[in-house]
Amino acid sequence: MAVPENPADKGPIPKRPLIMRYAARSDVGRIRAKNDDSAYVGRHLAIVADGMGGHAGGDVASAATVLDMLHLDHGHYDGDAGTVLADEIQTANSLLSELVHINPKLAGMGTTVTALLLAEGKLHFAHIGDSRAYRLRNGEFEQISVDHTFVQRLIDEGRLRPEEAETHPHKNVLMRVLGDVDASPELDLATLDVEPGERWLLCSDGLNYVAGHVVERMVRETKDLRECVETLVDLTLEAGAPDNVTVVMLEIVEETPDDVRTAAVEIVQPPAGSVEATKTAAPAPSQAVPSDDATPKPAADTGHTASGADDTVPKPASKPGEPTTSTDPHLGEHLSAAVLREELSNRPHELVGAAAAAAESGSIPTIAGRTVARRAATVLTHKSDQNREETDEYKPAAKPRRWVTIATAAALLVILGVGLWLGYAWTQTRYYIGEYDQRVAIYNGVSQRLGPIQLSTLETVTEIRMSDLPEFSQQRVRQTVPARDLYDAQRIVKNLDLTGTTSPADECASPTATAAPSASGTAGGTASPPGTTAPSASPSPSPNACEEAK
């Protein structure tokens with residue numbers, strides 16, 4: 001008699017791989033002119049990026065980061081998924097620096113990044129900035145990310161209460177971001193256990209205008225992911241939405257046979273009349289928009305490309321999950337955009353915000369040295385600010401050799417030093433008369449200053465008091481009287497002592513006349529003979545009159 005087969009004899013039923021169910025939405029809000037947020041979510045990868053830099057390129061920063069990382073959306077990592085995720089974010093950071101190097105108008109741009117990578121039964125988490133990640137598991141709703149803001153630092157240090165953070169004047173000051181500021185930014189990284197049924201909410205800080213308890217209630221009570229996303233964004237708009245808002249909802253589930261057979265994607269059509277449209281050999285598939293419950297819809301065979309770019313350039317063999325590579329340096333922007341569309345068409349996903357606008361426009365510049373797939377993940381750099389030809393022809397100025405720069409700087413310093421020394425030496429050959437301690441003094445040098453340096457020194461203090469001089473001489477001494485040399489200075493001092501002026505007398509003293517008597521009026525004197533005239537008065541100059549005036 002045959003024994004019935006016991007299913008338990010076959011051993012434990014193997015666990016099915018875990019994937020993400022998802023929904024996403026991004027809105028520019030009611031105040032901002034453009035959307036600087038970007039987000040991508042697929043079966044293994046979810047990213048939210050909030051760009052900063054205003055008109056300078058916040059949308060470029062977030063879109064470039066998201067598009068540069070979308071190739072990570074697969075589950076084959078052989079245990080190193082966490083390292084790969086961190087490395088790719090650092091690579092995206094270097095990409096932003098390259099874009100600024102190509103277009104200096106983008107200087108100062110940056111972006112936050114909050115990412116989840118589901119691979120081999122683990123959830124790998126990476127975060128920088130103030131976008132947020134919340135998890136609902138086993139009835140517990142908690143914020144997993146930590147804001148890298150100035151206000152959060154004050155809270156951590158106990159200098160600010162959490163309820164005061166929303167009204168703090170510096171609540172939007174970021175301490176850590178991706179961008180051209182830091183070559184190796186510090187990321188928050190974690191590898192988390194994951195369970196089927198747990199939910200995650202990734203969002204930009206625009207959702208902060210909805211009360212936290214309202215957000216938690218929506219995540220708990222709204223079963224449909226699409227409805228939850230739409231409601232949260234609508235609540236933000238009702239609150240005024242002064243900032244862009246992006247919301248990604250995902251749920252961890254076990255993969256089903258239907259998931260393996262289907263590949264519902266949102267394929268971006270090339271613009272009518274574009275280069276891509278004319279070069280496409282086969283018609284592009286029609287756009288398929290995910291349904292409200294984010295359930296994938298059947299689509300064409302995922303092994304085919306979304307455009308006919310492969311008819312122009314052969315596609316080399318590649319391992320599963322790795323981007324297609326090419327070393328052809330002459331591939332144009334149309335091929336880069338085609339590769340991006342192919343990358344997106346090969347998997348279920350949602351792409352929203354600035355990244356979706358970049359993929360739709362197809363204006364994706366090339367960067368020398370990058371593979372086609374990675375160049376395809378490099379977003380546009382504001383074609384409205386400059387012509388496409390200007391961008392293509394722009395080359396960074398070659399850096400001069402270091403030793404030439406050093407030698408030139410040293411020569412300039414030597415010339416400057418010699419010039420200053422010669423100028424100072426000349427000043428020390430000059431003298432002038434001035435005042436010191438209410439007395440007349442002789443100074444060596446000139447009466448000016450060179451910054452903190454006085455260009456004269458006290459030579460001699462005379463005994464002539466300023467109060468003994470006439471008013472006009474006092475005023476002139478206080479304004480300083482220049483002299484050609486030390487002898488000239490001593491001559492001026494002597495004039496001040498003798499005449500009270502800084503100049504010598506114009507002429508010597510007048511001679512003094514002495515008259516001889518015509519006759520003697522004393523007894524015993526001898527009278528002049530009659531008819532004779534006595535000698536007239538003769539001048540008798542003072543022998544020292546001119547000498548004393550000198």
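If you read the sequence from its start, that first residue is 1, and numbering goes on from there. Just so it is clear, the model here is predicted, and its values are computed rather than measured.
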Kindly say whether [Y] contributes a backbone atom to a donor-acceptor pair with the side chain of [X] at under 3.5 angstrom?
X    : Y    : answer
T236 : L232 : yes
Y209 : E238 : no
N103 : K105 : yes
E142 : R135 : no
T112 : D50  : yes
D205 : S131 : no
R176 : E186 : yes
S62  : D59  : yes
T462 : V440 : yes
N444 : R430 : yes

Spatial distance of atom [atom1] ([X]) from atom [atom2] ([Y]) [nearest 0.5 Å]:
X    : Y    : atom1 : atom2 : answer
D68  : E88  : CG    : CD    : 6.5 Å
Y436 : T460 : OH    : OG1   : 12.5 Å
T91  : E98  : OG1   : CD    : 10.0 Å
H71  : L45  : NE2   : CG    : 9.5 Å
I442 : Q490 : CD1   : CD    : 5.5 Å
Q152 : I155 : CD    : CD1   : 4.5 Å

Less than 4.0 Å between a side-chain N and a carboxylate O, is that true for D488 and R491?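 Judged by the 4.0 Å cut-off on N to carboxylate O distance, R491 and D488 do form a salt bridge.
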Under a plain distance cut-off of 3.5 Å, with no hydrogens placed, do [Y] and [X] share a side-chain donor-acceptor pair?
X    : Y    : value
R132 : Y134 : yes
S204 : N244 : no
S26  : T246 : yes

Less than 4.5 Å apart, side chain to side chain, heavy atoms only: is that true for [X] and [Y]?
X    : Y    : value
T408 : V404 : yes
H148 : I128 : yes
V113 : I47  : yes
Q438 : R465 : no
M69  : I89  : yes
H168 : F150 : yes
Q475 : R478 : no
V215 : L235 : no

Give me the atom names and distance for the closest heavy-atom approach of [X] to [Y].
X    : Y    : value
T111 : A49  : OG1-CB, 3.5 Å
L458 : A441 : CD1-CB, 3.8 Å
N35  : A354 : O-CB, 3.5 Å
P482 : Y432 : CA-CB, 3.9 Å
A24  : V41  : CB-CG1, 4.1 Å
M466 : R439 : CG-N, 3.9 Å

Test side chain to side chain contact (heavy atoms under 4.5 Å, CB included) on V352 and R25 and set out the steps. CA-CA 6 Å; V352 296; R25 180 183 172 188; 5.7 Å; no
Identified side-chain contact (heavy atoms from CB on, under 4.5 Å) counterpart of T499 within the set T501, L496, D497: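 With T499 as partner, T501, L496, D497 yield a single side-chain contact (heavy atoms from CB on, under 4.5 Å), made by T501.
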The test is side chain to side chain contact (heavy atoms under 4.5 Å, CB included); show your working for L351 and V66 and say whether it passes. CA-CA 9 Å; L351 184 66; V66 167; 4.0 Å; yes
Do I144 and H127 pass the side chain to side chain contact (heavy atoms under 4.5 Å, CB included) test, and can you show the C-alpha distance, the side-chain angles, and the key distance before you say yes or no? CA-CA 10 Å; I144 302 301; H127 168 73; over 6 Å; no
